[in-house]
Amino acid sequence: MADALTIQLPNISSAMALAGDGEENLKILSRQTGASLVLRGQELVISGTQKQINLASQLVRSLEDIWLKGNTISSADILTARQALDSDRQEELQELQRDVLAKTRRGEEVRAKTFRQHQYIDAIRKRDLTFGVGPAGTGKTYLAVVVAVQALLANQFEKLILTRPAVEAGEKLGFLPGDLQQKVNPYLRPLYDAINEFIDPEKIPNLIERGVIEVAPLAYMRGRTLNNAFVIVDEAQNTTPAQMKMVLTRLGFRSRMVITGDMTQTDLPVHQQSGLVVALQVLKHVEGISFCEFSQKDVVRHPLVQRIVAAYEQYEK
């Protein structure tokens with residue numbers, strides 16, 4: 001006969017946070033541990049073998065910092081907690097869970113979900129130049145924007161510059177209707193979406209007008225020196241080697257730059273080498289640069305996205 005353990009949760013919001021949408025978290029915890037997890041009001045009943053129960057209750061306890069506040073738990077949180085248990089990194093896990101980067105305008109806490117994300121955030125805070133490379137959904141761009149916006153709001157930098165190559169890699173924006181800003185907007189929508197979570201959307205046009213936030217295609221960086229600025233270069237896999245060298249050498253005093261990209265998703269012509277690939281080879285031994293490589297384990301989107309990325313990685317091998 002299976003053993004059972006009952007954990008009394010303090011309130012309904014913590015019970016809902018732990019269970020997740022459609023009790024998805026309980027299903028993931030069950031898959032991770034082999035135990036059965038059933039929520040009855042504020043009581044969590046864990047049943048199975050003693051070993052399964054112990055593992056499941058350890059996992060639930062290691063996520064307590066999150067569910068206790070009624071904060072959303074993602075599948076990545078659970079997998080990171082499991083990784084921490086397996087590799088004896090509980091202290092690091094607690095540090096990761098307590099390091100709140102920011103709160104969105106809706107009051108949701110933003111923090112790293114995986115150890116690699118935590119390392120990436122740390123690198124961006126400490127280094128003048130950081131490369132974040134890896135598949136879609138790993139938070140490369142989003143986390144860079146969060147750190148940048150917080151630094152801007154704290155007056156650590158005078159401006160935030162968001163740029164990306166407007167591919168087709170030749171930066172042919174002519175066929176799009178409207179002025180420069182309207183032409184660039186479709187390319188930079190993900191960056192705007194991230195900024196909107198922290199700054200009232202009505203205030204953003206004013207910040208853009210005053211040059212506090214600048215959103216422009218990479219070609220517009222040529223010939224400038226970017227002082228006292230936080231620069232994010234997104235979709236860097238679509239830069240040519242010349243474009244990448246150009247943007248890297250724009251870095252001015254009291255500035256910080258984050259380069260993000262996914263080398264498996266280049267839109268460049270087949271014969272054209274990616275500036276991101278070249279930069280990673282050329283700069284790997286240069287002091288003062290951080291390189292953070294994400295994998296499918298860091299995907300924090302819908303669990304299905306994680307499985308899709310893993311399937312493609314397997315296929316491409």
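All values reported here derive from a predicted model rather than from experimental measurement. As a basis for the values below, the full set of heavy atoms in this structure was taken, side chains included, without hydrogen atoms, waters or symmetry mates.
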Handout entry: Derivation of the side-chain contact (heavy atoms from CB on, under 4.5 Å) call for Arg82 and Leu55
Key = CA-CA 9 Å; Arg82 177 67 203 262; Leu55 181 55; 3.9 Å; yes
Exercise for the section: Show the numbers, then the answer: is there a side-chain contact (heavy atoms from CB on, under 4.5 Å) between Thr266 and Asn238? Expected result: CA-CA 5 Å; Thr266 172; Asn238 289 327; 3.6 Å; yes
Handout entry: Gln32 and Leu79: CA distance, side-chain angles, deciding distance, side-chain contact (heavy atoms from CB on, under 4.5 Å) verdict
Key = CA-CA 8 Å; Gln32 284 293 315; Leu79 297 175; 3.2 Å; yes
Handout entry: Chi angles and distances behind the side-chain contact (heavy atoms from CB on, under 4.5 Å) call for Phe294, Thr260
Key = CA-CA 11 Å; Phe294 294 92; Thr260 72; over 6 Å; no
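Looking at heavy atoms from C-beta onward, Leu39 lies in side-chain contact with Leu9 at the 4.5 angstrom threshold. When side chains are defined from C-beta on, Leu85 counts as touching Gln90, because their heavy atoms get closer than 4.5 Å. Counting heavy atoms from C-beta on, the side chains of Arg250 and Val233 never come closer than 4.5 Å. Side-chain contact between Leu18 and Ile73 is present, with at least one heavy-atom pair separated by less than 4.5 Å. Side-chain contact between Ile161 and Tyr220 is absent, with no heavy atoms from C-beta onward closer than 4.5 Å. Put simply, the side chain of Glu235 does not reach to within 4.5 Å of the side chain of Thr141, judged on heavy atoms. For the pair Gln97 and Leu63, the minimum side-chain heavy-atom distance is below 4.5 Å. Residues Arg125 and Leu101 meet the side-chain proximity criterion, which asks for heavy atoms closer than 4.5 Å.
Between the CD atom in Gln237 and the OG1 atom in Thr264 there is a gap of 8.0 Å [rounded to 0.5 Å]. In this structure, CD in Glu108 is found 11.0 Å from NZ in Lys103, a value given to the nearest 0.5 Å. Between the CD atom in Gln296 and the CD atom in Gln314 there is a gap of 8.5 Å [rounded to 0.5 Å]. Taking CZ of Phe198 as the reference point, atom OG1 of Thr104 lies at 6.5 Å (rounded to 0.5 Å). Rounded to the nearest 0.5 angstrom, Arg116 CZ and Lys297 NZ are separated by 9.5 Å. Atom CD of Gln42 and atom CG of Asn11 lie 6.5 Å apart (nearest 0.5 Å).
Across Thr114 and Thr80, no two heavy atoms sit closer than the pair CA-OG1, 3.4 Å. In terms of heavy atoms, Ile46 sits closest to Ala35 at CG2-CB, 3.8 Å. Residues Val231 and Leu226 share a closest heavy-atom pair of CG2-CD1, 3.8 Å. The two residues Cys292 and Tyr120 come nearest to each other via the heavy atoms SG-CA, 3.6 Å. Taking all atoms of both residues into account, the shortest heavy-atom contact from Asp234 to Pro165 is O-CD, 3.4 Å. Taking every heavy atom of both residues into account, Val147 and Ile121 meet most closely at CG2-CG2, 4.2 Å.
In terms of modelled atom types and a separation under 3.5 Å, the side chain of Thr239 and the main chain of Gln243 share no donor-acceptor contact. Asp298 places no side-chain N or O within 3.5 Å of a backbone atom of Thr138 that could act as its donor or acceptor partner. Panel note: side chain Thr163, backbone Ala216; a donor-acceptor pair is recorded below 3.5 Å. In this structure, Ser255 contributes its side chain and Ala229 its backbone to a donor-acceptor pair below 3.5 Å. No side-chain donor-acceptor contact under 3.5 Å links Glu293 to the backbone of Val133. Within the 3.5 Å criterion, the main-chain N or O of Ser74 finds a donor-acceptor partner in the side chain of Asp77. With hydrogens and angles ignored, the 3.5 Å screen pairs a side-chain donor or acceptor of Ser62 with a backbone N or O of Leu59. Counting only distance, with no hydrogens or angles, the side chain of Lys159 and the backbone of Glu214 share no donor-acceptor pair below 3.5 Å. Proximity of a side-chain donor or acceptor of Glu23 to a complementary backbone N or O of Leu37 within less than 3.5 Å is not detected. Thr130 places no side-chain N or O within donor-acceptor distance of the main-chain N or O of Ser290, the cut-off being under 3.5 Å.
Each of Val100 and Leu152 belongs to its own hydrophobic cluster when Ile, Leu, Val, Met, Phe, Trp and Tyr are linked at side-chain heavy-atom distances under 4.5 angstrom. Taking hydrophobic clusters as Ile, Leu, Val, Met, Phe, Trp and Tyr residues chained together by side-chain heavy-atom distances below 4.5 Å, Val145 shares a cluster with Ile208. Cluster membership for Met263 and Ile259, using ILVMFWY side-chain heavy atoms within less than 4.5 angstrom, is shared. When the side chains of ILVMFWY residues are joined at heavy-atom separations under 4.5 Å, either directly or via intervening members, Leu129 and Val278 end up in a single hydrophobic cluster. Note: the hydrophobic cluster containing Val45 does not contain Ile28 (ILVMFWY, side chain heavy atoms under 4.5 Å, direct or indirect links).
Within 6.0 Å of the CD atom in Glu316, the count of heavy atoms belonging to other residues, nucleotides or ligands exceeds 12. The number of heavy-atom neighbours closer than 6.0 Å to CE of Met246, taken from other residues, nucleotides and ligands shown, is above 12. No more than 12 heavy atoms of other residues, nucleotides or ligands lie within 6.0 Å of CG in Asp21, so this atom counts as exposed by the packing criterion. Applying the 6.0 Å contact sphere to CD of Glu202 captures no more than 12 heavy atoms from other residues, nucleotides or ligands.
In the model, Arg61 has no side-chain atom that pairs as donor or acceptor with a side-chain atom of Gln58 under 3.5 Å. Residues Gln50 and Gln52 have side chains that never bring a donor and an acceptor to within less than 3.5 angstrom of each other. Between Tyr142 and Glu197, the side chains place a donor N or O and an acceptor N or O closer than 3.5 Å (distance only, hydrogens not considered).
Both the sub-6.0 Å distance and the 45° axial angle are not jointly satisfied by Arg256 relative to the ring of Phe157.
A salt bridge is defined here as a Lys NZ or Arg NE, NH1 or NH2 lying under 4.0 Å from an Asp or Glu carboxylate O, and Asp65 with Arg111 fails to meet this definition.
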